[in-house]
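What you see below is based on every heavy atom in this structure, not just the backbone, and it leaves out hydrogens, waters and symmetry mates. Keep in mind that this is a model prediction, so the values were computed, not measured.
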Amino acid sequence: MTINYNILAKDYDLTRITNINIINLFASELPLNGKTILDFGCGTGNFMYALKKLTNSEIYGVEPSEGMREQAQAKGLDVKNGDHREIPFADNYFDFIYMTDVIHHVPDLEMMFSELCRVLKSDGLICILTESHQQLETRFWVKYFPTTVAVEKRRYPKHTRHCQCCPNCWTC
């Protein structure tokens, strides 16, 4: 089953909230003020919007879904069309790149890491937030729909890993 994010975009924000603990985690690893930041797979821009309000950084997003981009842009956010194959920014542009619940949508991780590292400054950081297989097993709806666990485990990487090309990559 393919999910049509252009259709979901209108109601997406009703089910997604920004977790301030994640923003605090970012800030604990990197002073965010005055940085150039990319939200890779930003969806409707919830995390971007929070970072824009809390910092004086340049915040950009990349999102392949037109509907999601339009919702983010309606919030006054700078979101460009792109994906793991092509991030529409210059080499060595970002101090910090993050993605939240995105990696399981990416069909070619090597290509994604290559593109992320291309646009990341040599002293920049990457943070990938996703759910572990153990977390997938403890979702509240598993009690009612136990077969979803096997499906989700096929979509989510079993192990998070640091990318090969940048020594400062860290995962959450």
Side-chain angles (χ1 to χ4, degrees), residues 3-90 93-107 109 112-113 115-121 123-132 135-136 139 152 155-157 160-163 166 168-172:
I3 299 171
N4 187 331
Y5 284 95
N6 290 326
I7 293 171
L8 292 177
K10 289 191 299 188
D11 298 322
Y12 192 80
D13 284 344
L14 299 174
T15 63
R16 302 287 180 165
I17 59 170
T18 303
N19 184 339
I20 195 66
N21 293 328
I22 292 173
I23 304 268
N24 290 335
L25 177 64
F26 294 163
S28 74
E29 294 294 326
L30 174 74
L32 296 176
N33 284 317
K35 301 296 182 186
T36 306
I37 299 172
L38 175 65
D39 184 337
F40 180 78
C42 65
T44 60
N46 291 338
F47 281 93
M48 290 177 66
Y49 189 77
L51 282 169
K52 185 176 177 180
K53 289 177 80 171
L54 297 171
T55 71
N56 67 345
S57 294
E58 293 179 46
I59 316 286
Y60 300 94
V62 168
E63 173 57 47
S65 164
E66 182 179 358
M68 294 289 207
R69 269 195 323 276
E70 288 173 354
Q71 292 291 321
Q73 290 165 343
K75 297 173 186 174
L77 301 172
D78 191 345
V79 179
K80 300 191 181 324
N81 183 21
D83 62 19
H84 68 286
R85 296 169 296 193
E86 183 178 353
I87 299 173
F89 289 93
Y93 193 79
F94 294 102
D95 297 298
F96 180 53
I97 300 172
Y98 68 92
M99 66 181 80
T100 56
D101 292 324
V102 171
I103 197 166
H104 59 280
H105 296 291
V106 178
L109 295 179
M112 178 197 74
F113 281 120
E115 265 302 275
L116 291 175
C117 291
R118 180 186 65 77
V119 299
L120 185 70
K121 292 179 181 176
D123 60 346
L125 293 174
I126 296 175
C127 179
I128 301 170
L129 290 97
T130 191
E131 291 181 271
S132 69
Q135 288 169 313
L136 295 173
R139 289 176 168 173
E152 291 295 88
R155 290 179 354 110
Y156 283 73
T160 55
R161 65 185 177 123
H162 292 80
C163 63
C166 49
N168 296 325
C169 180
W170 54 282
T171 57
C172 305

Report task. Over all heavy atoms of both residues, which pair between Gly34 and Ser57 is shortest? Give the atoms and the distance, please. Result -> N-OG, 3.3 Å
Query raised in the report: How long is the span from the CD1 atom in Ile126 to the CG atom in Leu120, to the nearest 0.5 Å?
Result: 5.0 Å
Requested in this report: Can you measure from CD1 (Ile97) to OG1 (Thr36) and round to the nearest 0.5 angstrom?
Outcome: 10.5 Å
Query - Val79 versus Arg69, closest heavy-atom pair with distance - result: CG1-CG, 3.5 Å
Report summary line: Residues at least two apart in sequence or cross-chain that pass ring-ring contact (aromatic ring centres under 6.0 Å, His included) with Phe89, listed by chain then number, are Tyr60, Tyr93, Phe94
Query raised in the report: Does Pro31 have any side chain to side chain contact (heavy atoms under 4.5 Å, CB included) partners at least two apart in sequence or in another chain, and if so, which?
Result: none
Requested in this report: Can you sort out the partners of Phe40 under ring-ring contact (aromatic ring centres under 6.0 Å, His included), two or more places apart, ordered by chain and number?
Outcome: none
Report task. Calculate, to the nearest 0.5 Å, the distance between atoms CD and CG belonging to Glu86 and Asn81 respectively. Result -> 8.5 Å
**Report entry** Glu115 bridged to Arg118 by N-O distance under 4.0 Å
**Finding:** yes
Query - Partners meeting side-chain hydrogen bond (donor to acceptor under 3.5 Å, both in side chains) with Gln73 (sequence neighbours left out) - result: none
Query raised in the report: By side chain to side chain contact (heavy atoms under 4.5 Å, CB included), which residues pair with Asn33, not counting sequence neighbours?
Result: Thr55, Asn56
Query raised in the report: To the nearest 0.5 Å, how far apart are CG in Leu77 and CG in Leu51?
Result: 10.0 Å
Query - Close side-chain approach of Lys75 and Asn46, heavy atoms under 4.5 Å - result: yes
**Report entry** 4.5 Å side-chain heavy-atom contact, Leu38 and Ile87
**Finding:** yes
Query raised in the report: Sequence neighbours excluded, which residues qualify as salt bridge (charged side-chain N to carboxylate O under 4.0 Å, His left out) partners of Lys121?
Result: Asp95
Query raised in the report: Taking all non-hydrogen atoms of both residues, which atom of Glu63 and which atom of Ser65 are closest, and how far apart?
Result: OE2-N, 3.1 Å
Report task. Check whether any side-chain heavy atom of Phe113 lies under 4.5 Å from a side-chain heavy atom of Ile128, and answer yes or no. Result -> yes
Query raised in the report: Nearest heavy-atom pair of Cys42 and Gly61: which atoms, and what distance?
Result: SG-CA, 3.9 Å
Requested in this report: Could you tell me which non-hydrogen atom of Pro64 sits nearest to which non-hydrogen atom of Asp83, and how far apart they are?
Outcome: CB-CB, 4.2 Å
Query raised in the report: Hey, what do you get for CG (Asp39) to CG (Asp78), rounding to the nearest 0.5 Å?
Result: 12.0 Å
Report summary line: Value for CZ (Phe96) from CG (Asp123), rounded to nearest 0.5 Å, stands at 13.5 Å
Report task. Sort and list the pairs that fulfil ring pair (Phe, Tyr, Trp, His ring centres under 6.0 Å) and have at least one residue in residues 68-88, not counting sequence neighbours. Result -> none
**Report entry** Ala72 versus Gly43, closest heavy-atom pair with distance
**Finding:** CB-O, 3.9 Å
